[in-house]
S.K.: 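Pasting a structure below so you can have a look.
Below, read A as the first sequence line, B as the second, and so on, with proteins coming before strands; counting in each chain starts at 1.
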Protein chains: 2
Amino acid sequence: MSKKPEEYVVDAWIALLRAKEHALDHVEKSFKENGLPPFFWYDVLWELDKAGEKGLRPYEIEQGMLLPQYGLSRLLARMDKAGYVERTPSPVDGRGQQVTITEQGRETRQNMWEVYSKGIQSTVGDTFNEEECRTIQNLLTRLHRQKV
Amino acid sequence: MSKKPEEYVVDAWIALLRAKEHALDHVEKSFKENGLPPFFWYDVLWELDKAGEKGLRPYEIEQGMLLPQYGLSRLLARMDKAGYVERTPSPVDGRGQQVTITEQGRETRQNMWEVYSKGIQSTVGDTFNEEECRTIQNLLTRLHRQKV
DNA sequence: GTGTAATAGATGCGCTTGCATGTAGTGTCA
DNA sequence: TGACACTACATGCAAGCGCATCTATTACAC
């Protein structure tokens, strides 16, 4: 493994990079235009929304999220300040805290989804048919299923 | 257009995001481990290397690059400081400058490519066969060919 | 228990970024 | 040639980030 890549490999790589940049830029811009918080906030709010009243510990949110520990720590501080989440000391672990979403946080996530889903539809949805979507998903999922 | 996305659309979107993050993180990490500059530098060095002795104007580099004007301006300043590029006043436009790659810049680009190509191979190349690569390229290229 | 290692999370520092704006040179139209 | 818009690039400021490190607590070994 790890010989020099063939040209078609590089082409696929470039297509992947550009596609994601392009699509994500579009969504980020939409968020901004609508006065909504940046992209990463959505994922956190969504995790917390799913978790419900009991909330989550920061280290639980961190799993599967592509943020380093200190990044999440500061993100939560900002979200707290914005009134979207609440942080209370964990009852079971003196080092930790429970993070729960607030009503305002839930509303904001909903607002973000309105914009986000439009972005997904106008990029991916309006470009590919169902079969193509499934092909993309099947293929690309292989990339992050493995340890590289 | 722009109705709510179907589930398979969202799945494809998520796969796209994660795949790119995952693969790019891997490459960025490799650069760092090898004491090389970050990812974006590669693209700029590559453009300049291709351009040869006559170099490029910053606004020419900016085209097709996913950096804002001020981002490129400061990136070039850093690359200049690092000794990878030279900036001289443009002979034909008093407002502008010509940017050329230095020998050291060329070497660094080469070193980056050694690492970069291994990353591409070990993510995309070792995961997909030729047909799959072409499928990915054909599909994803549609995403940024269009105005969204 | 006591000492040591590991874990949860926060934070100081320096660098990078985004946003808005600044500066200087060019083009254009009368 | 002079006024005015436009383009090329730089930059001050505030916010964000990576890196290393810190504090507080828990877990584990003996």
Side-chain angles (χ1 to χ4, degrees), chain A residues 21 24-44 47-48 51 55-82 84-100, chain B residues 21 24-44 47-48 51 55-82 84-100:
Chain A
E21 289 296 336
L24 194 55
D25 278 5
H26 177 249
V27 171
E28 280 282 20
K29 204 177 293 176
S30 304
F31 282 147
K32 232 167 250 180
E33 280 164 6
N34 290 80
L36 290 165
F39 185 75
F40 258 123
W41 292 43
Y42 182 84
D43 279 348
V44 175
E47 289 301 318
L48 289 172
L56 290 170
R57 301 281 300 273
Y59 76 91
E60 292 175 306
I61 304 176
E62 198 187 325
Q63 329 236 306
M65 189 125 317
L66 302 103
L67 268 178
Q69 178 270 322
Y70 55 82
L72 180 59
S73 171
R74 291 198 265 225
L75 177 53
L76 288 173
R78 269 173 271 146
M79 292 175 74
D80 188 345
K81 202 168 151 197
Y84 296 163
V85 305
E86 255 174 36
R87 292 182 293 174
T88 52
S90 165
V92 298
D93 187 338
R95 297 165 298 183
Q97 54 190 207
Q98 288 297 122
V99 186
T100 51
Chain B
E21 288 296 338
L24 194 56
D25 278 5
H26 177 249
V27 171
E28 279 283 21
K29 205 178 292 178
S30 304
F31 282 147
K32 232 169 250 179
E33 281 166 4
N34 289 81
L36 290 165
F39 185 74
F40 258 122
W41 292 43
Y42 182 83
D43 279 347
V44 175
E47 290 300 320
L48 289 172
L56 289 171
R57 301 280 301 274
Y59 76 90
E60 292 175 306
I61 304 176
E62 197 187 327
Q63 328 237 303
M65 189 125 316
L66 303 101
L67 269 176
Q69 179 270 321
Y70 56 81
L72 181 58
S73 170
R74 291 199 266 228
L75 177 52
L76 287 172
R78 270 175 267 145
M79 292 174 75
D80 189 346
K81 202 169 152 196
Y84 297 163
V85 304
E86 256 174 34
R87 290 183 293 172
T88 52
S90 166
V92 297
D93 187 338
R95 297 165 299 183
Q97 55 193 202
Q98 289 297 122
V99 186
T100 51

S.K.: Relative to the 5' end of DNA chain C, which residue comes earlier, B:P68 or B:V92, by the nucleotide with the nearest heavy atom?
M.R.: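 Per heavy-atom nearest nucleotide, the more 5' residue is B:P68.
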
S.K.: Are any of A:K32's side-chain N or O atoms less than 4.0 Å away from OP1 or OP2 of C:dC19?
M.R.: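 So the side chain of A:K32 is within the cut-off, an N or O lying under 4.0 Å from OP1 or OP2 of C:dC19.
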
S.K.: Tell me whether the side-chain N or O atoms of A:R95 pair up with the base of C:dT7 as donor and acceptor below 3.5 Å, since no angle test is needed here.
M.R.: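 In this structure, the two groups form a donor-acceptor pair.
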
S.K.: Decide yes or no on side chain to side chain contact (heavy atoms under 4.5 Å, CB included) for A:Q98 and A:L56, but give the supporting numbers first.
M.R.: CA-CA 6 Å; A:Q98 288 297 122; A:L56 290 170; 5.9 Å; no

S.K.: Between B:Y70 and C:dG18, is there a side-chain N or O to OP1/OP2 distance below 4.0 Å?
M.R.: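 Indeed, a polar side-chain atom of B:Y70 lies that close.
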
S.K.: For A:E28 and C:dT17, give me the distance from atom CD to atom P, rounded to whole Å.
M.R.: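 Between P of C:dT17 and CD of A:E28: 15 Å.
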
S.K.: Pick base, sugar-phosphate or nothing for B:R74, based on heavy-atom distances below 4.0 Å to the nucleic acid.
M.R.: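 Contact class for B:R74: base.
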
S.K.: When the distance from CD of A:Q63 to P of C:dT7 is rounded to whole Å, what number comes out?
M.R.: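 Rounded to whole Å, this separation is 12 Å.
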
S.K.: Given atom CE of B:M65 and atom C1' of D:dC9, what is their separation to the nearest angstrom?
M.R.: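 After rounding, the reported distance stands at 17 Å.
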
S.K.: OP1 or OP2 of C:dA10 versus the side-chain N and O atoms of A:R78: is any pair under 4.0 Å?
M.R.: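 Result: no.
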
S.K.: Is B:R87 reaching over with its side chain to a backbone N or O of B:D80, donor-acceptor style, under 3.5 angstrom?
M.R.: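 Such a contact is absent between B:R87 side chain and B:D80 backbone.
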
S.K.: Starting at CG of A:L67 and ending at P of D:dG18, how long is that distance when rounded to a whole Å?
M.R.: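 Nearest whole value for this atom pair: 8 Å.
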
S.K.: Is a side-chain N or O of B:E60 found less than 3.5 angstrom from the main chain of B:R57, in a donor-acceptor match?
M.R.: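 Confirmed, B:E60 side chain pairs with B:R57 backbone.
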
S.K.: Base, sugar-phosphate, or nothing: which does A:Q97 touch, judged by heavy atoms less than 4.0 Å apart?
M.R.: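 Answer is sugar-phosphate: A:Q97 comes under 4.0 Å of backbone atoms only.
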
S.K.: Quickly work out the B:L72 CG to D:dT11 P distance and round it to whole Å.
M.R.: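 Computing the B:L72:CG to D:dT11:P distance gives 14 Å.
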
S.K.: Side-chain N or O of B:S73 versus OP1/OP2 of D:dA10: is the shortest distance under 4.0 Å?
M.R.: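 So the side chain of B:S73 is within the cut-off, an N or O lying under 4.0 Å from OP1 or OP2 of D:dA10.
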
S.K.: What's the CD-P distance between A:Q69 and C:dT7, to the nearest Å?
M.R.: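 Roughly 13 Å, once rounded to whole Å.
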
S.K.: Round to a whole Å and report the spacing from CZ of A:F39 to P of D:dG16.
M.R.: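 Interatomic distance, CZ of A:F39 to P of D:dG16: 17 Å.
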
S.K.: It should be established whether B:R57 places a side-chain nitrogen or oxygen under 4.0 Å from OP1 or OP2 of nucleotide D:dC9.
M.R.: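 Answer yes for this pair, as a side-chain N or O of B:R57 is under 4.0 Å from OP1 or OP2.
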
S.K.: Could you tell me whether B:G96 contacts a base, only the sugar-phosphate backbone, or nothing, with contacts defined as non-hydrogen atoms closer than 4.0 Å?
M.R.: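 Since only primed, P, OP1 and OP2 atoms lie under 4.0 Å of B:G96, the category is sugar-phosphate.
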
S.K.: Looking at every strand, decide which applies to A:G94 at a 4.0 Å heavy-atom threshold: base, sugar-phosphate, or nothing.
M.R.: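 Here A:G94 touches the backbone only, sparing every base.
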
S.K.: Counting only heavy atoms not in A:Q97, do more than 12 fall under 6.0 Å of its CD?
M.R.: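 Yes - once you tally the heavy atoms of other residues, nucleotides and ligands closer than 6.0 Å, there are more than 12.
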
S.K.: What is the distance from CG of A:D93 to P of D:dT23, rounded to the nearest Å?
M.R.: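 Nearest whole value for this atom pair: 19 Å.
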
S.K.: Of B:R87 and A:F40, whose nearest nucleotide on DNA chain D comes first from the 5' end?
M.R.: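 Whichever sits nearer the 5' end wins; that is B:R87.
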
S.K.: So, A:D93 side chain and A:R95 main chain: donor-acceptor pair closer than 3.5 Å or not?
M.R.: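 Here the side-chain-to-backbone pair exists.
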
